[in-house]
Amino acid sequence: MIPLAKPDIGAKEIKGVVDVLESGILSLGPKLKEFEQQFSAIIGTSFAVGVNSGTSGLHLCIKALGIKDGDEVITTPFSFVASANCILYERATPVFVDVEEDTFNINPDLIEKAITPRTKAILIVHVFGQSCDMDKIMEIARKHNLKVIEDACEALFGSYRGRNVGTFGDVAVFAFYPNKQITTGEGGMIVTDNKQIADYCRSAANQGRSSNLQWLTHDIIGYNYRLDEMSCALGLAQLSRIDTISGKRKTIAERYIRELSSIPGLVLPKVYPGSPSGWFVFAVRTRAAIRDHVIRKLQEKGIQSKAYFYPCIHLQPAYIQLFGYREGMFPVAEKLSKETMVLPFYTALEEKDILVVKQALAESIMELQG
Ligand SMILES: *Cc1c(COP(=O)(O)O)cnc(C)c1O
């Protein structure tokens, strides 16, 4: 059986977590500070705030920017549902803009048409680890005085023209669920250069406590979005090996591209050498008519693969019910959601596994085309 994803957990991770357990300090201890400091240094932002998931992080970004009932936030329909849900948590409205076929990312040329007097922010998603077109997006944001939130939950190790994703917008969020580039079990990190945003998020994640007041003084209505010390120790161990982890993932992606390029009818991810992907998943496209059959055939051969992202956010049952969205509203995103599947992708994936996946893909596509 070749799984879709597998966290890279070694002796360092295990020791780190055990050390925390033995220390007796399981939350709000030194590991959180250390993890935040190292993470912000790696990304290149002034501040980082650890939270218990990427979704919690995105929710706090929406709150920190003062987005509320009646406001609109421009975002993408081709993403994991959390990137739009976080807008709904504050009763603001996600306004979807269709995506570009090559990058899977929001199409900057369609953003301005979606701006109204109620628009407060653009929430972009660096889908599958590939950066959005940040020059164009930041220019539009500046021109219309809009905030920018980067959902970088899939994009650790991704960069745009020499600069890490997560350093462009007002605030950004990374995530550490076990299928991401690095994991803390559950967890996320908010990064920003804005001290006010960082202070708000740190307090709101910890029940609205202020850092310099007493434990039971609550300045604002907050949440329990805290990242525990075991998770932070796990994250620190992962950070100590990020060069190895990112290097392996890049090598596997390159190997996939070399091996799979000979399969007719398979569209491979486009590579942008000046803005390298963070390689969250390895996503390929087939004709929509055969995608689900290919997934089934691979499953029969012991290879996990998955339709990604299907359906689009606007066509999720909850969104149809709330907003009455219909098929055809965001044609590029819908097309991609019917054609795209992700293949097994993790640091322990061996060359022989890649060849097994290649063989199975080639056979099943041939059978189904034939
Ligand atoms: C993983 C992910 C998140 C956050 O996920 P959590 O499971 O809450 O950590 C948010 N947005 C996108 C696009 C993601 O892929």
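Whatever order the structure lists them in is the order used to number ligands and atoms, beginning at 1.
Distance from atom 7 (O) of ligand 1 to its nearest protein heavy atom, with residue and atom name: Tyr177 CB, 4.2 Å. Closest protein heavy atom to atom 9 (O) of ligand 1: Gly54 N, 2.8 Å. Atom 15 (O) of ligand 1 has its closest protein heavy atom at Glu154 OE2, 2.6 Å.
Hydrophobic clustering of Ile, Leu, Val, Met, Phe, Trp and Tyr side chains at less than 4.5 Å, counting indirect connections, unites Phe78 with Phe80.
Using a 3.5 Å distance cut-off with no hydrogens or angles, the side chains of Tyr160 and His126 do not pair a donor with an acceptor.
Ion pairing of Arg287 with Glu339 is absent here, as no side-chain N (NZ or NE/NH1/NH2) approaches a carboxylate O to less than 4.0 Å.
For atom 11 (N) of ligand 1, the choice among Val125, Asp151, Thr184 with the nearest heavy atom turns out to be Asp151. Closest to atom 5 (O) of ligand 1 by heavy atom, among Leu123, Val51, Leu58, Thr55, is Thr55.
Contact atoms of ligand 1 toward Phe80: 2 (C), 3 (C), 12 (C), 13 (C), 14 (C), 15 (O) (distance under 4.0 Å to a heavy atom of the residue). Residue-ligand proximity, Ser53 to ligand 1, at heavy-atom distances under 4.0 Å covers atoms 8 (O), 9 (O). The contact set between ligand 1 and Ala175, taken as ligand atoms under 4.0 Å from a residue heavy atom, comprises 4 (C), 9 (O). Shown in contact with Cys153 at under 4.0 Å from a heavy atom are these atoms of ligand 1, numbered in order with element: 2 (C), 3 (C), 4 (C), 10 (C), 11 (N), 12 (C), 14 (C). Those atoms of ligand 1 that come under 4.0 Å of a heavy atom in Lys180, given as number and element, are 1 (C), 2 (C), 3 (C), 14 (C), 15 (O).
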- [ ] Go through the steps for Glu229 and Lys33 under the test salt bridge (charged side-chain N to carboxylate O under 4.0 Å, His left out), then give the verdict.
- [x] CA-CA 10 Å; Glu229 289 287 285; Lys33 275 201 194 88; over 6 Å; no

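Legend: residues meeting ring-ring contact (aromatic ring centres under 6.0 Å, His included) with Phe280, ordered by chain and number and at least two apart, are absent.
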Do any side-chain atoms of residues 297-309 form donor-acceptor pairs under 3.5 angstrom with protein atoms, and if so which ones, sequence neighbours left out?
{"unit_1": "Lys297", "atom_1": "NZ", "unit_2": "Glu367", "atom_2": "OE1", "d": "2.8"}
{"unit_1": "Lys301", "atom_1": "NZ", "unit_2": "Glu363", "atom_2": "OE1", "d": "3.1"}
{"unit_1": "Gln304", "atom_1": "OE1", "unit_2": "Leu4", "atom_2": "N", "d": "2.9"}

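Asp193 contributes a side-chain N or O that, together with a main-chain N or O of Ser46, makes up a donor-acceptor pair within less than 3.5 Å. Side-chain atoms of Asn164 come within 3.5 Å of backbone N or O of Ile42 as a donor-acceptor pair.
No N or O atom of Ser79 sits closer than 3.5 Å to an N or O atom of ligand 1.
Residue-ligand proximity: Gly188 is placed with every non-hydrogen atom at 4.0 Å or more from ligand 1.
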